Novice: 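Dumping the structure here so I can ask a few things about it.
The first residue of the sequence shown is numbered 1, and numbering continues consecutively from there. Bear in mind the structure is a predicted one, so any value in this text is a computation, not a measurement.
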Amino acid sequence: MAKGKHSNSKSRKRRFKIKSKAKIFRLFLILILIVAVILLIVRLSNRNSAKNDEEFQQIANDNSEIQENVKTDRMLKLEELQKDNSDIVAWLQIEDSNINYPILQTTDNSFYMTHNYKKEYSIDGSLFLDKDYDWSIPSSNLLIYGHNNRGSKEMFVDLLKYKDEEYYKTHKTIRFTTNEEDAEYEIIAVFLSRVYYKSETNVFRYYYFINANNEKEFNEYVKESKKASLYNIEATAKYGDQLLTLSTCEFSQEDGRFAVVARKIKK
């Protein structure tokens, strides 16, 4: 009888051990399965993330290329004109005025005083950029000249309308287009001047300013321009800004000049 009880006890222990091992094995399999699922999820997530990053980068590159390749109608028209005359470097426009012309530049400031953009003789000449402006820097000040012939409606005749502050208030910006960009310039000063004699000292010879050698020279030009301005203009310029100066004759005094100074609006 004792022997039978002992045999049953050993049998129960064996079954218990077998069940325990089976349970542990099942738990082990479940754990392996969970780990495998987690690894699969991580791998898929990384793959999707990499794919999204690649797609995002591609979109960014495409947008960048689009931005670089976008040219306005004015820029395209400028390119067409340059096929006939490589001296054409830009286009200038003031809305609601007769000023809407190509800008020319050559090594001689006198040629386009008597020739149009087709290099044909013209009493009104062309609008031209000072020969010393260096596009490779670029220089600090785009100094542009144009005639103001009495009885004509061409070139810089309408520039003199800026003598009237009310006109300025509705024409505060100038559009300047090159092959690289279609930019706007904000007017910061409008003033009368003249061509000074060499013997005259302490005078503002704005027509000599093309490029600032340093911050002091730049600030001095802006300061003198605003000091001479016919009326107060809140907008100003700081060192590093690109300037644009439009200059023409003015007949209220001998060798009189009229100038409008603007600074490039940064977008």
Side-chain angles (χ1 to χ4, degrees), residues 70-82 85 88-105 112-113 115-118 122-130 133 141-193 206-207 222 225-226 228-237 241-252 256-267:
V70 164
K71 288 187 178 292
T72 65
D73 289 341
R74 292 163 57 85
M75 294 169 74
L76 294 173
K77 289 177 182 178
L78 182 64
E79 289 181 354
E80 285 299 313
L81 288 174
Q82 288 170 333
N85 186 353
I88 298 173
V89 293
W91 191 281
L92 181 78
Q93 181 182 18
I94 298 177
E95 293 291 343
D96 189 31
S97 78
N98 77 316
I99 301 172
N100 190 18
Y101 297 107
I103 304 298
L104 296 106
Q105 184 188 35
Y112 283 108
M113 291 180 69
H115 291 79
N116 62 23
Y117 72 96
K118 296 180 179 179
S122 169
I123 192 172
D124 290 317
S126 299
L127 300 185
F128 60 94
L129 177 66
D130 192 283
Y133 185 87
N141 184 35
L142 290 150
L143 180 55
I144 297 173
Y145 302 99
H147 280 314
N148 166 30
N149 289 328
R150 294 171 178 176
S152 171
K153 294 182 179 180
E154 302 298 318
M155 301 306 132
F156 271 163
V157 172
D158 275 5
L159 195 65
L160 293 177
K161 291 181 179 181
Y162 279 105
K163 286 184 177 181
D164 183 357
E165 185 176 1
E166 294 304 311
Y167 183 81
Y168 154 75
K169 289 179 179 179
T170 56
H171 301 78
K172 292 184 177 182
T173 59
I174 300 167
R175 195 169 181 182
F176 188 77
T177 306
T178 66
N179 295 86
E180 303 301 324
E181 62 180 345
D182 206 349
E184 286 190 341
Y185 285 71
E186 179 182 29
I187 294 172
I188 64 170
V190 170
F191 58 87
L192 293 167
S193 184
Y206 76 92
Y207 41 81
V222 173
S225 296
K226 294 190 72 63
S229 189
L230 297 177
Y231 39 83
N232 181 58
I233 296 177
E234 183 178 352
T236 188
D241 285 341
Q242 176 67 56
L243 297 178
L244 170 72
T245 300
L246 310 183
S247 177
T248 191
C249 295
E250 198 279 331
F251 305 108
S252 65
R257 295 291 184 271
F258 183 73
V260 173
V261 180
R263 62 115 185 169
K264 184 178 177 182
I265 299 173
K266 296 179 180 179
K267 295 184 179 180

Novice: For Y117, what residues pass the ring-ring contact (aromatic ring centres under 6.0 Å, His included) criterion, not counting sequence neighbours?
Specialist: none
Novice: Is E80 salt-bridged to K77, going by a charged N under 4.0 Å from an acidic O?
Specialist: no
Novice: Is any side-chain heavy atom of D130 less than 4.5 Å from a side-chain heavy atom of Y207?
Specialist: no
Novice: What heavy-atom pair brings I188 and K226 nearest, and what distance separates the two atoms?
Specialist: O-NZ, 2.9 Å
Novice: How close do T248 and G146 get, heavy atom to heavy atom, and via which atoms?
Specialist: OG1-O, 2.7 Å
Novice: Using the ring pair (Phe, Tyr, Trp, His ring centres under 6.0 Å) rule, pick out the option among F191, F258, Y145 that qualifies with Y206.
Specialist: F191
Novice: Determine the minimum heavy-atom distance between T178 and A90, stating which atoms define it.
Specialist: CG2-CB, 4.1 Å
Novice: Would you say the side-chain atoms of S122 and N116 include a donor-acceptor pair closer than 3.5 Å?
Specialist: no
Novice: To the nearest 0.5 Å, tell me how far L246 CG sits from I103 CD1.
Specialist: 8.0 Å
Novice: If every non-hydrogen atom of K153 is compared with every non-hydrogen atom of Y101, which pair is closest and at what distance?
Specialist: O-OH, 4.2 Å
Novice: Taking the side chain as everything from C-beta on, heavy atoms only, tell me whether D158 gets closer than 4.5 Å to I94.
Specialist: no
Novice: Do I174 and V260 have side chains that approach each other closer than 4.5 Å (heavy atoms only, starting at C-beta)?
Specialist: yes
Novice: Out of curiosity, L104 CG to S126 OG, how far, rounded to the nearest 0.5 Å?
Specialist: 5.0 Å
Novice: Hey, could you give me the NZ/CZ distance between K161 and F156, rounded to the nearest 0.5 Å?
Specialist: 14.0 Å
Novice: Restricting to non-hydrogen atoms, name the atom on M155 and the atom on H147 that form the minimum distance, rounded to 0.1 Å.
Specialist: CB-O, 3.5 Å
Novice: Please identify which of these residues, K172, K264, R263, meets the side chain to side chain donor-acceptor pair (under 3.5 Å) condition with E186.
Specialist: R263
Novice: Can you tell me how far apart NZ (K169) and CD1 (I187) are? Round to the nearest 0.5 Å.
Specialist: 14.0 Å
Novice: Can you find a pair of side-chain heavy atoms, one from T173 and one from E95, that are under 4.5 Å apart?
Specialist: no
Novice: With a 4.5 Å cut-off on side-chain heavy atoms, are V222 and D241 touching?
Specialist: no
Novice: Just verifying a value: how many Å separate I88 CD1 and L78 CG, rounded to the nearest 0.5 Å?
Specialist: 7.0 Å
Novice: Check for a donor-acceptor pair, side chain of K71 on one end and backbone N or O of N179 on the other, with a separation under 3.5 Å.
Specialist: yes
Novice: Does a side-chain heavy-atom distance below 4.5 Å link M113 with F128?
Specialist: yes
Novice: List in chain and number order the residues that pass side chain to side chain contact (heavy atoms under 4.5 Å, CB included) with Q105, two or more places apart in sequence or in another chain; answer none if no residue qualifies.
Specialist: V89, L129, Y133, W135
Novice: How long is the straight-line distance from CD of Q242 back to OH of Y185, given to the nearest 0.5 Å?
Specialist: 4.5 Å
Novice: Using the side-chain hydrogen bond (donor to acceptor under 3.5 Å, both in side chains) rule, take D182 and T72 through it: C-alpha gap first, then chi angles, then the decisive distance, then the call.
Specialist: CA-CA 7 Å; D182 206 349; T72 65; 2.9 Å; yes
Novice: I want to check something: taking the side chain as every heavy atom from C-beta on, are K163 and L192 in contact at a cut-off of under 4.5 Å?
Specialist: yes
Novice: Can you confirm whether more than 12 heavy atoms, excluding those of E180, are under 6.0 Å from its CD atom?
Specialist: no
Novice: Is there side-chain contact between Y167 and S97, with at least one heavy-atom pair below 4.5 Å?
Specialist: yes
Novice: Please give me the minimum heavy-atom distance between C249 and N148, naming the atom from each residue.
Specialist: O-ND2, 3.1 Å
Novice: Can you check whether I123's main-chain N or O pairs, donor with acceptor, with N149's side chain at less than 3.5 Å?
Specialist: yes
Novice: Which is it for E165 and L230 under the side chain to side chain contact (heavy atoms under 4.5 Å, CB included) test, yes or no, and what are the steps along the way?
Specialist: CA-CA 8 Å; E165 185 176 1; L230 297 177; over 6 Å; no
